[in-house]
A.B. asks: 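What follows is a single structure, and I will ask about it in a moment.
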Amino acid sequence: GTLAVLAAEWGNAGTFGPMAAGGKALNAFFHVVNARTAGFNAVDLGQVRSETLAITNVVMMIGGGSASTAGGIKVSTLVIIVMMVWAEIRGERDANAFGRRIPHDVQRQAVAIATLAIGFVGIAIVGLLVVTDLPLDVLAFEAVSAFSTTGLSTGITPRLPASAQAILILLMFV
């Protein structure tokens, strides 16, 4: 994530452009780490490129560790799903991690969590597109941030109609 954000924002005059190389690297790392849970930002998110918004969406959607207060689906859920896909690619009946079989009920829970998360966020994005005339990348960012309770914003939230704000509030509760 850090390298992707660094590459996307390197020459962006509104964000990392004027910084020295070390400052750019530190800000890219800070951005990706804080997008998992903290909601702090050191640059104006309204000025970042669409690529950075997309990268940040992925990081926010994954969230943090299972014992953390981070939102998102959690890193452990993603790892279980990756292990399931890897087992399927290899033609194995069971998904294994570190020489141990991942129980089928845990696999079902991981798939259910990820599916529900993607479903709720997808429905919310469509709802936001219906009630506003803002671009998809910005609305998707706001929706994922609300779902993951990260607290990041491109700055559009106060200008949204009440119906759009209600959608974001509902996502926070989900």
Side-chain angles (χ1 to χ4, degrees), residues 1-65 68 70-75 77-79 81-82 85 113-174:
T2 298
L3 294 177
V5 168
L6 186 61
E9 295 299 320
W10 186 271
N12 184 346
T15 58
F16 297 176
M19 299 176 190
K24 292 177 183 185
L26 181 61
N27 274 281
F29 177 73
F30 182 82
H31 176 78
V32 171
V33 169
N34 282 295
R36 292 191 175 278
T37 183
F40 299 126
N41 57 301
V43 295
D44 181 5
L45 294 176
Q47 298 294 316
V48 299
R49 294 193 168 119
S50 293
E51 306 91 79
T52 302
L53 292 178
I55 295 160
T56 308
N57 283 344
V58 171
V59 172
M60 289 188 298
M61 200 64 177
I62 295 169
S68 74
I73 65 168
K74 305 291 187 180
V75 173
T77 302
L78 178 67
V79 169
I81 292 171
V82 168
V85 170
I113 288 168
T115 303
L116 287 170
I118 292 167
F120 280 122
V121 171
I123 290 167
I125 292 169
V126 171
L128 291 170
L129 286 167
V130 169
V131 300
T132 71
D133 59 354
L134 295 168
L136 173 63
D137 60 343
V138 175
L139 293 174
F141 183 85
E142 299 294 323
V144 173
S145 180
F147 171 78
S148 67
T149 63
T150 303
L152 295 175
S153 177
T154 58
I156 65 165
T157 310
R159 298 188 324 257
L160 292 175
S163 56
Q165 290 177 354
I167 291 170
L168 295 177
I169 290 167
L170 287 172
L171 271 180
M172 289 179 212
F173 282 109
V174 168

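We use all heavy atoms of the structure for the numbers below, so side chains are in, but hydrogens, waters and symmetry mates are not. What you see is a predicted model; the values in this text were computed from it and never measured. The first residue in the sequence is number 1, and the count goes up from there.
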A.B. asks: Working to the nearest 0.5 Å, report the span between CD1 of I81 and OG1 of T115.
C.D. replies: 7.0 Å

A.B. asks: Taking the side chain as every heavy atom from C-beta outward, state whether M61 and F147 have any pair of such atoms under 4.5 Å apart.
C.D. replies: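 In contact.
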
A.B. asks: How long is the straight-line distance from CE of M60 back to CG of N34, given to the nearest 0.5 Å?
C.D. replies: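 So the CG of N34 and the CE of M60 are separated by 12.0 Å.
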
A.B. asks: Would you indicate whether L116, at its atom CG, is surrounded by more than 12 heavy atoms from other residues, nucleotides or ligands within a distance under 6.0 Å?
C.D. replies: yes

A.B. asks: Between A35 and T56, which heavy-atom pair has the shortest distance, and what is it?
C.D. replies: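 Looking at all heavy atoms of both residues, the closest pair is CB-CG2, 3.7 Å.
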
A.B. asks: Determine the minimum heavy-atom distance between A124 and I167, stating which atoms define it.
C.D. replies: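 For A124 and I167, the tightest heavy-atom pair comes out as CB-CG2, 3.7 Å.
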
A.B. asks: Does anything in residues 128-145 pair up under side chain to side chain donor-acceptor pair (under 3.5 Å), and if so which pairs, sequence neighbours excluded?
C.D. replies: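 The answer is S50-D137, E142-S153, E142-T154, E142-T157.
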
A.B. asks: Please round to the nearest 0.5 Å and tell me the distance separating atom CG of L160 and atom CG of L139.
C.D. replies: 7.0 Å

A.B. asks: Would you name the heavy atoms of L134 and L129 that are closest together and state the gap between them?
C.D. replies: O-CD2, 4.0 Å

A.B. asks: What heavy-atom pair brings A8 and R49 nearest, and what distance separates the two atoms?
C.D. replies: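 Looking at all heavy atoms of both residues, the closest pair is O-NH1, 2.5 Å.
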
A.B. asks: With side chains defined as the heavy atoms from C-beta onward, is the minimum distance between T52 and H31 less than 4.5 Å?
C.D. replies: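 In contact.
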
A.B. asks: To the nearest 0.5 Å, tell me how far I156 CD1 sits from L45 CG.
C.D. replies: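 It comes to 11.5 Å.
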
A.B. asks: Pairs under 3.5 angstrom only: tabulate donor-acceptor contacts from the side chains of residues 16-30 to other protein residues two or more places apart or in another chain.
C.D. replies:
| from | atom 1 | to | atom 2 | distance (Å) |
| --- | --- | --- | --- | --- |
| K24 | NZ | W10 | O | 3.1 |
| N27 | ND2 | G23 | O | 2.8 |

A.B. asks: Taking the side chain as every heavy atom from C-beta outward, state whether V121 and V174 have any pair of such atoms under 4.5 Å apart.
C.D. replies: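 No; the side chains remain at least 4.5 Å from each other.
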
A.B. asks: Quick one, F120 and L170 - any side-chain contact, counting heavy atoms below 4.5 Å?
C.D. replies: no

A.B. asks: Where is the tightest heavy-atom contact between G71 and T149, given as atom of each residue plus distance?
C.D. replies: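 Smallest interatomic distance, heavy atoms only, reads CA-OG1, 4.0 Å.
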
A.B. asks: With sequence neighbours left out, write down each residue that passes side-chain contact (heavy atoms from CB on, under 4.5 Å) with A54, or none if nothing qualifies.
C.D. replies: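 A54 satisfies side-chain contact (heavy atoms from CB on, under 4.5 Å) with no other residue.
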
A.B. asks: For A143 versus L171, what's the shortest heavy-atom pair and its separation?
C.D. replies: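 What the structure gives for the nearest pair is O-CD1, 3.4 Å.
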
A.B. asks: Counting C-beta onward and ignoring hydrogens, is there a side-chain heavy-atom pair between I62 and V75 closer than 4.5 Å?
C.D. replies: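 When only atoms from C-beta onward are counted, V75 and I62 do touch, with a gap below 4.5 Å.
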
